[in-house]
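Working notes for the structure below.
Values below: all heavy atoms of this structure, side chains included; hydrogens, waters and symmetry mates excluded. Each chain gets a letter, A, B and so on, in the order the sequences are listed, and its residues count up from 1.
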Protein chains: 2
Amino acid sequence: MAADDGKKKISESTIQRLSLYYRVLSILEKENIKTISSKELAKHEKLTPAQVRKDLSFFGSFGTRGLGYPVTELKNRIATILGLDREWKVAMVGVGNIGSALVGYKEFQRHGFSINMIFDNDQRKIGSNHKGILVSDIANLKEGLRENNIDIVIIAVPATVAQYIVDDIVEAGVSGILNFAPINLKVPENVILRNENMSMELEHISFSLVNRESITATKE
Amino acid sequence: MAADDGKKKISESTIQRLSLYYRVLSILEKENIKTISSKELAKHEKLTPAQVRKDLSFFGSFGTRGLGYPVTELKNRIATILGLDREWKVAMVGVGNIGSALVGYKEFQRHGFSINMIFDNDQRKIGSNHKGILVSDIANLKEGLRENNIDIVIIAVPATVAQYIVDDIVEAGVSGILNFAPINLKVPENVILRNENMSMELEHISFSLVNRESITATKE
DNA sequence: CGGACTATGTGAATTCATTCACAAGTTACT
DNA sequence: AGTAACTTGTGAATGAATTCACATAGTCCG
């Protein structure tokens, strides 16, 4: 069971699916369901049972043959794997439309991400209170992040300035960044950068609708 | 049905990357750059030149050997492929934190997605104006979507009610749905459903940070 | 106009991810 | 205790996506 130090390469998609499992398991736990099979779990997220088992097997063997997986325990194990068993200190840079919405997004808190700093460059916002958090001047970004030991920064600023801000964040020693600006940012390779591009999903829908039309045209 | 005319199967990730190319090309066009090689294009999004060429080759051959791709033309071609050369009528369901932010999100407009209906169930919001759009009663969802020929609906409601709303949307004949609620929704297979799960990316960062620690610990 | 470059487009090779299939462990029931 | 029914965990097989490598086709410049 302690086969941890072997550097297995876990695929991106496996990690994404762990998030999904975690979500489902949380719901099942609330419904007081004690045990779930890979088959059932798979059905909840439209995956195959084999995939569920393979994903989990990268991290250990959590199930009982003939029975399935213990819901609460598996949920907790996944929480540990994903690092959700701790509180992450998060800062938001930019409280425009998106930034402001994310500060109030309950789902983040629920998973252990607590946003407790906000930065902006708008003089009208600086010093004001946003959902109980004081908005700091972005001029103090670097020191602010350092002094508060921020783990992760969420960037919700215009694409044009995002790179400058990232540079500061990196200099401040933060090594997890979630970027909402629609641009590809450069960071040193020891920094984890993930991008959230909301237009992309809409464009995917658009693509699918257009390509589906040939089928629709021939009538159902 | 009829349309099995040797249709190439385009992978999810190719489509995602087309969005990225589109984004880069738009910027290049503004910078008045006329031509770009697969190598340069790849560099902008940290991909390989071969991947860029392969992706594009699924849709035709747009480049000139020895020179590269014509920026504006390629951009327009991709727009056509992705269906961004038209105006999509979008409705937002739920104007809480997230919904409200997305209604004001400029990036959507820029890509041809114009949100021109909003639905909510909160009496205090119904009838009010949100960034110039009248908030309608969600009780009228089905008729509203039909009457206004909505193409795509964005769901930003609590997970607990999301499925009911999706059922209505589907019944209204809408066949593109972007879901922000953290739950897996069921739709008929002719409906395009995509999910945007913002916690997922944060959890990915969290995972990477935790797993990086072992490396950081042993290395330098 | 010709030769040196440059860069595409694409089958073939390779790498990576998913699914299959089955031995092995566990339960439930008689 | 024996057996039928489940379900995991995992190598092996399959399938998908990425990268390689090169023939092909154009550019550029003296």
Exercise for the section: Can you tell me the distance, in whole Å, between the CG atom of B:L74 and the P atom of C:dG9? Expected result: 10 Å

Practice task
Starting at atom CD of A:Q51, determine the distance to atom C1' of C:dA17, rounded to an integer number of angstrom.
Solution key: 8 Å

Problem - Side chain A:S61, main chain A:S57, donor-acceptor under 3.5 Å - result: no

Problem - Pair A:H111 + A:Y22: ring centers closer than 6.0 Å - result: yes

Practice task
For the side chain of B:S37, starting at C-beta, report the closest nucleotide among C:dT8, C:dA17, C:dG25.
Solution key: C:dT8

Exercise for the section: May I ask you to decide whether A:R23 forms a salt bridge with B:E203, counting only side-chain N to carboxylate O separations under 4.0 Å? Expected result: no

Handout entry: Rounded interatomic separation in angstrom, taking OH from A:Y69 and P from C:dG25
Key = 16 Å

Handout entry: Atom pair distance, as rounded to whole Å: CZ in A:R53 and P in C:dT19
Key = 12 Å

Exercise for the section: Go through DNA chain D in 5' to 3' direction and return only the first and the last nucleotide with some atom under 4.0 Å of chain B's heavy atoms. Expected result: D:dA17 to D:dG26

Exercise for the section: State plainly whether the residues A:R17 and A:E12 are in salt-bridge range, i.e. N to O under 4.0 Å. Expected result: no

Problem - Comparing A:S11 and A:A50 on DNA chain C - which has the more 5′ nearest nucleotide - result: A:S11

Problem - B:K54 NZ - C:dT15 C1' separation (whole Å) - result: 14 Å

Exercise for the section: With heavy atoms under 4.0 Å as the rule, sort A:T14 into base, sugar-phosphate or nothing. Expected result: nothing

Problem - Euclidean distance, atom CG of residue A:L67 to atom C1' of C:dA24 [Å, nearest integer] - result: 16 Å

Handout entry: Integer-rounded Å distance: C:dA7 P and B:K43 NZ
Key = 11 Å

Exercise for the section: In whole angstrom, give the distance that lies between atom CZ of B:F59 and atom P of C:dT8. Expected result: 17 Å

Problem - Any donor-acceptor pair under 3.5 Å from B:D151 side chain to B:K89 backbone - result: yes

Exercise for the section: Look at the aromatic rings of A:F59 and B:F207 and report parallel, tilted or perpendicular, splitting at 30° and 60°. Expected result: perpendicular

Exercise for the section: Among the candidates C:dA23, C:dT8, C:dT19, find the nucleotide nearest to the side-chain atoms of A:T48. Expected result: C:dT19

Practice task
State whether the number of non-hydrogen atoms from other residues, nucleotides or ligands found under 6.0 Å of B:K30 atom NZ is greater than 12.
Solution key: no

Problem - Which nucleotide in C:dA23, C:dT19, C:dT18 has an atom nearest any side-chain atom of A:R65 - result: C:dA23

